[in-house]
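Beneath this line is the structure, given in structure tokens, with notes to follow.
The figures that follow rest on heavy atoms only: side chains count, while hydrogens, waters and symmetry mates do not. Order of the sequence lines fixes the chain letters, A, B, ..., with proteins taken first and strands second; residue numbering starts at 1 for each chain.
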There are 2 protein chains.
Amino acid sequence: MSTISDVAKRAGVSTMTVSRVVNNSGYISQETRERVERAIAELGYVPNALARYLRFKQTKTIALILTDITNPFFTTIARGVEDAARDQGFSVIFCNTDESETEQTEYLQLLLQRQVDGFLLVPASDSDESIAALRARGVPVVLLDRRLSVGEFDSVRCDSVQGAYELVHHLLALGHTRIAVLSGSKAVSTAVDRVAGYTRAMCEAGIGEDQHLVFYDRFTQGDGYRMAQRALAASPRPTAIFAANNFIAFGAIRAIQEADLRIPEDISIVTFDDLPQLWVMDPFLTVVTQPAYEIGHKATELLLDRLAGEGPVETREIMLPAELIVRKSSGPPPTVATKL
Amino acid sequence: MSTISDVAKRAGVSTMTVSRVVNNSGYISQETRERVERAIAELGYVPNALARYLRFKQTKTIALILTDITNPFFTTIARGVEDAARDQGFSVIFCNTDESETEQTEYLQLLLQRQVDGFLLVPASDSDESIAALRARGVPVVLLDRRLSVGEFDSVRCDSVQGAYELVHHLLALGHTRIAVLSGSKAVSTAVDRVAGYTRAMCEAGIGEDQHLVFYDRFTQGDGYRMAQRALAASPRPTAIFAANNFIAFGAIRAIQEADLRIPEDISIVTFDDLPQLWVMDPFLTVVTQPAYEIGHKATELLLDRLAGEGPVETREIMLPAELIVRKSSGPPPTVATKL
DNA sequence: CTGTTAGCGCCTTCAT
DNA sequence: ATGAAGGCGCTAACAG
């Protein structure tokens with residue numbers, strides 16, 4: 001691992017001259033330039049970016065902290081982030097918290113030490129503790145997908161209340177009245193907001209919400225499975241299920257299949273977050289899809305704005321539109337269907 | 001952004017003392033320790049890891065360079081890498097090359113400058129150019145999933161020849177004789193090896209390979225679609241398709257559906273790489289699955305071994321077992337089925 | 001138990 | 001057009 005002074009020695013110049021050649025700054029005679037370049041090539045010299053950062057106080061690196069790297073919704077976000085970051089010469093460090101507050105805190109600490117310039121964060125929960133350090137240091141942060149009750153960070157997400165409202169409204173229009181909702185942790189805004197959208201739709205329809213049909217747990221397949229089992233045990237049984245995300249939906253579907261119920265004849269199911277079209281032979285889930293790539297891209301733009309010292313003083317809250325796609329997993333409830 | 005000397009000043013000690021408190025090294029009187037800790041808390045001091053690395057020549061960071069971050073096979077690998085790395089206090093920088101040699105070269109260069117300690121690489125192609133710099137510098141590298149003709153790197157992967165052989169053998173046993181193979185780029189070892197496995201099985205069966213039924217393109221859904229269209233246009237039409245990975249298979253299935261053919265009645269299809277069980281309502285593809293998580297985990301262990309100066313001098317080549325799972329997408333060829 | 005010195009690799013500033 | 005000195009933040013080695 002040769003350094004700049006190795007090169008300087010070999011080329012018979014000062015380190016400054018090498019630096020100027022490497023960074024194309026200042027005036028260099030053609031002849032010395034060539035000599036230096038030859039020395040660089042011969043030694044396989046690669047500049048040490050760390051040393052450079054130590055002076056510049058800018059690492060050109062941002063961190064993307066996700067809660068689940070195996071969820072295609074989040075990897076698509078990552079794609080958007082990567083593209084936007086690279087456009088401006090930034091690198092991205094991806095981190096995975098597994099929805100754990102502890103891991104999030106650890107990563108935040110680590111990344112702070114590593115002097116990343118800014119954070120893109122899908123918060124594992126709405127606890128202030130973990131991000132207090134960020135606020136204290138005034139590091140630029142943009143929130144993705146989820147709200148935080150401290151209102152001082154830029155954020156990019158979809159309107160979960162509205163999306164949930166549309167899904168449940170769709171079910172109501174089909175004639176359902178007993179609709180269960182299976183949601184994530186109460187500490188996560190999307191879980192709360194999606195239940196709020198459900199409640200709004202139910203109240204508007206004059207039905208109101210049945211506390212026994214509202215479930216909170218976590219955004220995993222296993223939890224979806226268990227919540228669905230409990231929902232199906234309710235009496236009378238719900239005729240439709242609203243799963244607050246795709247993984248919960250998969251678990252619920254498994255439970256429905258085990259109960260020997262047909263979708264949508266016996267029970268309808270709708271959810272947030274599609275799978276990428278191409279991975280599914282025959283898309284059948286009625287969903288609200290969110291523009292994941294754009295969420296990542298837009299959030300990165302906001303962050304890089306801040307890093308460039310641009311952007312307004314006040315915090316920005318960007319809401320991207322979500323889209324309802326009606327497919328085969330939702331139909332009229334059994335009793336209504338019978339009447340047809 | 002306070003520094004170690006800010007803390008030192010505030011606590012009325014030298015920077016060395018602060019350093020000792022932060023790193024828990026050497027002897028410190030209880031009283032000074034408390035004073036320093038108070039100063040740290042008051043200033044919100046966070047040590048600058050970069051400055052530290054500048055001395056240590058070790059960043060405790062490894063790079064994971066993938067070709068497609070949206071493919072669940074690779075994100076599962078990423079999971080394994082992350083877990084193994086964290087166990088030993090290493091961070092991971094994920095990068096995505098999109099199967100592009102150019103992007104790979106750029107990333108390699110960037111990461112070298114950033115002084116990452118080692119590389120986990122899924123090579124975009126078997127070109128020497130891009131990795132020449134790695135070899136020249138002697139940075140530890142472990143190859144994942146794919147071979148490289150330069151044999152000096154450790155590697156972890158599954159046996160693609162064997163896996164392909166088993167899939168094609170399975171089709172032959174069902175009675176197929178006209179089997180098309182849709183593979184990835186000839187510059188990628190898995191693409192080549194899977195065709196080799198196909199050829200071996202076909203030759204063993206005394207059929208030999210029909211050059212018109214062997215297709216190379218890239219590992220994407222679009223290419224799978226186009227290759228399948230050409231395969232289906234062959235006359236007589238193949239009764240089975242072996243897709244060299246999941247994305248190619250999805251494209252092929254779309255083409256098959258558009259041609260109004262039924263799977264497996266009219267045509268069978270088998271492939272490498274499953275989708276995670278939980279994402280699929282009703283798994284129907286006959287596949288060879290690879291232990292992606294273990295590939296990532298094992299590769300990371302090899303790399304960290306090297307970094308610790310352990311491990312043998314010779315290069316290690318780890319082959320993990322792949323598993324054939326027969327499901328509904330493969331059945332006897334039409335003529336045979338008719339006879340039943 | 002604590003402080004001083006020196007240097008990691010680079011670049012800005014000021015000379016020459 | 002080129003070079004010398006100094007310092008970014010941190011810590012190992014050696015005082016004291």
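Residues from residues 39-57 of chain B placing a heavy atom under 4.0 Å of any atom in DNA chain C, listed by number, are Leu54(B), Arg55(B), Lys57(B). DNA chain D is contacted by Tyr27(A), Ile28(A), Ser29(A) of residues 23-31 of chain A, taking any non-hydrogen atom closer than 4.0 Å.
Between Lys57(A) and Asp117(A) there is no salt bridge, since none of the side-chain N atoms of the basic residue sits less than 4.0 Å from a carboxylate O of the acidic one. Looking at Asp126(A) and Lys186(A), no side-chain N of the basic residue comes within less than 4.0 Å of a carboxylate O on the acidic one, giving no salt bridge. A salt bridge does not link Arg147(A) to Glu317(A): none of the charged side-chain nitrogens sits closer than 4.0 Å to a carboxylate oxygen. Using a 4.0 Å cut-off between a side-chain N of Lys or Arg and a carboxylate O of Asp or Glu, Arg38(A) and Glu34(A) do not qualify as a salt bridge. The pair Glu310(B)-Arg306(B) does not meet the salt-bridge criterion, since no charged nitrogen lies less than 4.0 angstrom from a carboxylate oxygen. Looking at Glu129(B) and Arg135(B), no side-chain N of the basic residue comes within less than 4.0 Å of a carboxylate O on the acidic one, giving no salt bridge. For the pair Glu99(A) and Arg218(A), the salt-bridge criterion is not met [side-chain N within less than 4.0 Å of a carboxylate O].
Heavy-atom distances to DNA chain C give each of Arg35(B) and Ser5(A) a nearest nucleotide, and the one nearer the 5′ end belongs to Arg35(B).
For Ser19(A) and dC11(C), the shortest distance from a side-chain N or O to OP1 or OP2 is below 4.0 Å.
Remark: the Thr3(B) side chain and the Ser5(B) side chain contain an N/O donor-acceptor pair separated by less than 3.5 Å.
Rounding to whole angstrom units, CD1 of residue Ile4(B) and P of dT4(C) are separated by 14 Å. For the pair Gln113(B) CD and dC10(C) P, the interatomic distance rounds to 10 Å; values are reported in whole Å.
The C1' atoms of five pairs define one axis at each end of the helix from dC1(C)-dG16(D) to dT16(C)-dA1(D), and these two axes lie 40° apart (to 10°).
The side chain to side chain contact (heavy atoms under 4.5 Å, CB included) test applied to Val116(A) returns Thr61(A), Ala63(A), Ile93(A), Leu111(A), Phe119(A), not counting sequence neighbours.
In the 5' to 3' direction, nucleotides of DNA chain D lying under 4.0 Å from heavy atoms of chain B begin and end at dG9(D) to dA13(D).
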Would you tabulate the nitrogen or oxygen pairs shorter than 3.5 Å linking the protein to nucleotides 13-16 of chain C?
none

**Request:** Please assess Thr300(B) against Phe90(B) for the test side-chain contact (heavy atoms from CB on, under 4.5 Å), listing each intermediate value before the final yes or no.
**Result:** CA-CA 10 Å; Thr300(B) 308; Phe90(B) 276 76; over 6 Å; no
**Report entry** Worked verdict on Asp154(A) versus Leu143(A) for side-chain contact (heavy atoms from CB on, under 4.5 Å)
**Finding:** CA-CA 6 Å; Asp154(A) 288 343; Leu143(A) 264 23; over 6 Å; no
Step by step, would you call Val142(B) with Leu121(B) a side-chain contact (heavy atoms from CB on, under 4.5 Å)? CA-CA 6 Å; Val142(B) 177; Leu121(B) 177 65; over 6 Å; no
